[in-house]
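Working notes, beginning with the structure itself.
Below, all heavy atoms of this structure are taken into account, side chains as well, without hydrogens, waters or symmetry copies. As the structure is a prediction and not an experimental result, all values here were calculated from the model.
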Amino acid sequence: MGSLFPWGSLSLVIFLLLHSMLRLSSCCFVAERAALMDIQSSLGAPDLWGKDGDDCCSWEHVKCNNSTQRVSHLSFSDVCWTTSKVSCFLNSTVFSALRELEYLDLSYCYQCLLSLEGLVGLSKYLDLSGAGLGGGFPQFIGEIVSLEVLVLNDNNITGGLPGAAVRNLRNLRQLNMSYSSFEGNLPGSLFSLPHLKILDLSANSLGGRIPISSESGPISLEVLDLSSNHLNGSLSESVAAFKNIRNLKLGGNQFSGSLPVSLCALPHLKFLDLSCNNFISHAIICGTFSC
């Protein structure tokens, strides 16, 4: 006669009991709560979470997945302006304990970040605006292949955009890297990303031509802001690829040649800024054009 509790069923019961022991009774995983307390200590902000209760899913700056109750969102956009920087030392490896973290805003936490490599496991959204990033484009960014939104505004990233790193980010929907110090030419791989809808590289020092042509086929971009750079060449070859563009800002560059009439025939175009360039139609265009 078989056992009343087969080993398979008993193993399942044991697993479920152990799984429940890893969580607090108030829907917060012990390991994740410990990681959040480490973050609070590292940021030197004793009132960071706003509450002392065990349910970290109810704390300020924290959101959890409704079904798994694991931490999914952390936002410190308004924290690093006010916390004490005297003993601020945030090591990014602490985020590895948050296994379902999808959204992380560390903007303007530049005085606290000790390392960034621990962010590689992040899933979808990363904001490092004003994070004091210097030197070349951070190599670890190219390893976060699941990223959908990347924000690196207001940094001091010198040099060019490496085509290989950009090519790996095939899930990107939005890329914002304005007001940094990028130089060199735009990599063609940037405009080949299949899901990229919003690209903002305004206020950098990028030069050369836009690396797309009529032969490239329509690109996925809907919003493109390349204003206030040093881009040059003619727009005639690029217009056909802008079939999906709704908002196009190219002001403050060095584009030349004739103004392509076909721009105003783009089916989805709502806003167009070609101000302060060197088109033949006007020696210097300084106005906003709306088709």
Side-chain angles (χ1 to χ4, degrees), residues 19-24 26-81 83 88-133 138-153 155 165 168-177 195-196 198:
H19 185 264
S20 64
M21 290 172 63
L22 293 175
R23 302 176 59 180
L24 297 175
S26 52
C27 300
C28 186
F29 283 81
V30 174
E32 296 197 345
R33 184 177 185 277
L36 293 178
M37 296 305 294
D38 283 345
I39 293 172
Q40 176 178 273
S41 176
S42 298
L43 288 177
D47 300 320
L48 176 62
W49 308 122
K51 295 183 179 181
D52 295 326
D54 291 335
D55 184 9
C56 59
C57 293
S58 67
W59 293 353
E60 294 180 14
H61 313 293
V62 179
K63 289 184 180 180
C64 292
N65 183 297
N66 288 333
S67 58
T68 65
Q69 294 301 310
R70 287 190 177 276
V71 175
S72 60
H73 288 57
L74 288 178
S75 178
F76 302 117
S77 58
D78 60 344
V79 172
C80 291
W81 290 100
T83 55
C88 186
F89 51 91
L90 183 59
N91 193 317
S92 62
T93 56
V94 69
F95 296 106
S96 62
L98 309 175
R99 300 191 302 178
E100 294 185 17
L101 186 65
E102 295 184 349
Y103 180 110
L104 179 59
D105 184 347
L106 287 172
S107 53
Y108 299 96
C109 291
Y110 61 94
Q111 290 179 283
C112 301
L113 293 172
L114 297 182
S115 68
L116 294 170
E117 288 73 14
L119 304 179
V120 169
L122 190 69
S123 296
K124 296 180 180 179
Y125 182 106
L126 178 60
D127 189 342
L128 291 173
S129 297
L133 301 179
Q139 292 186 351
F140 79 93
I141 293 291
E143 300 176 28
I144 314 179
V145 296
S146 57
L147 269 180
E148 294 183 6
V149 178
L150 175 60
V151 185
L152 295 176
N153 297 330
N155 277 289
N168 290 336
L169 303 177
R170 295 186 61 79
N171 291 301
L172 272 185
R173 295 183 291 104
Q174 179 174 338
L175 178 58
N176 297 74
M177 297 191 293
H195 306 295
L196 190 63
I198 300 173

Counting neighbours of CD on Gln139 that are heavy atoms of other residues, nucleotides or ligands and sit closer than 6.0 Å, is the number greater than 12?
no
When you compare the side chain of Leu106 with that of Phe95, does any pair of heavy atoms fall below 4.5 Å?
yes
Backbone N/O of Ser42 and side chain of Asn91: donor-acceptor pair under 3.5 Å:
no
Can you see which heavy atom on Arg70 is nearest to which on Arg99, and at what distance?
NH2-NH2, 2.6 Å
Between CG of Asp127 and OH of Tyr108, what distance do you get to the nearest 0.5 Å?
8.5 Å
Within a strict 4.5 Å, meaning less than it, do heavy atoms of the Val71 and Phe29 side chains meet?
no
Measure the shortest side-chain to side-chain distance between Leu169 and Ile141 over non-hydrogen atoms and say whether it is less than 4.5 angstrom.
yes
Backbone N/O of Leu133 and side chain of Asn155: donor-acceptor pair under 3.5 Å
yes
When rounded to the nearest 0.5 angstrom, what is the spacing between CH2 in Trp49 and OG in Ser58?
11.5 Å
Tell me if a side-chain donor or acceptor on Asp38 pairs with a main-chain N or O of Leu36 at a distance below 3.5 Å.
no
Could you tell me if the side chain of Leu74 sits less than 4.5 Å from the side chain of His61, heavy atoms only?
no
CG of Leu104 to NZ of Lys124, rounded to nearest 0.5 Å, is 15.0 Å
Is it the case that the side chain of Asn168 and the backbone of Glu143 share a donor-acceptor pair, with hydrogens and angles ignored and the cut-off at 3.5 Å?
no
Which heavy-atom pair separates Val149 from Arg173 by the least distance, and what is that distance?
CG2-NH2, 3.8 Å
Just by modelled atom types, is the Val145 backbone N or O under 3.5 Å from a matching donor or acceptor in the Asn171 side chain?
yes
Where the side chain of Glu100 meets the backbone of Asn65, is there a donor-acceptor pair that is under 3.5 Å apart?
no
Within this structure, what is the CG-CD distance for the pair Asp47 and Gln40, rounded to the nearest 0.5 Å?
7.5 Å
Gln174 and Leu196: which non-hydrogen atoms are nearest, and at how many Å?
N-CD1, 3.8 Å
Within this structure, what is the CG-OH distance for the pair Leu150 and Tyr125, rounded to the nearest 0.5 Å?
9.5 Å
Applying ring pair (Phe, Tyr, Trp, His ring centres under 6.0 Å), name anything that partners His73, two or more places apart in sequence or on another chain.
Tyr103
Take the SG atom of Cys56, take the SG atom of Cys64, and say whether they are under 2.5 Å apart.
no
Taken to the nearest 0.5 Å, the spacing of Leu152 CG from Leu126 CG works out to 7.0 Å
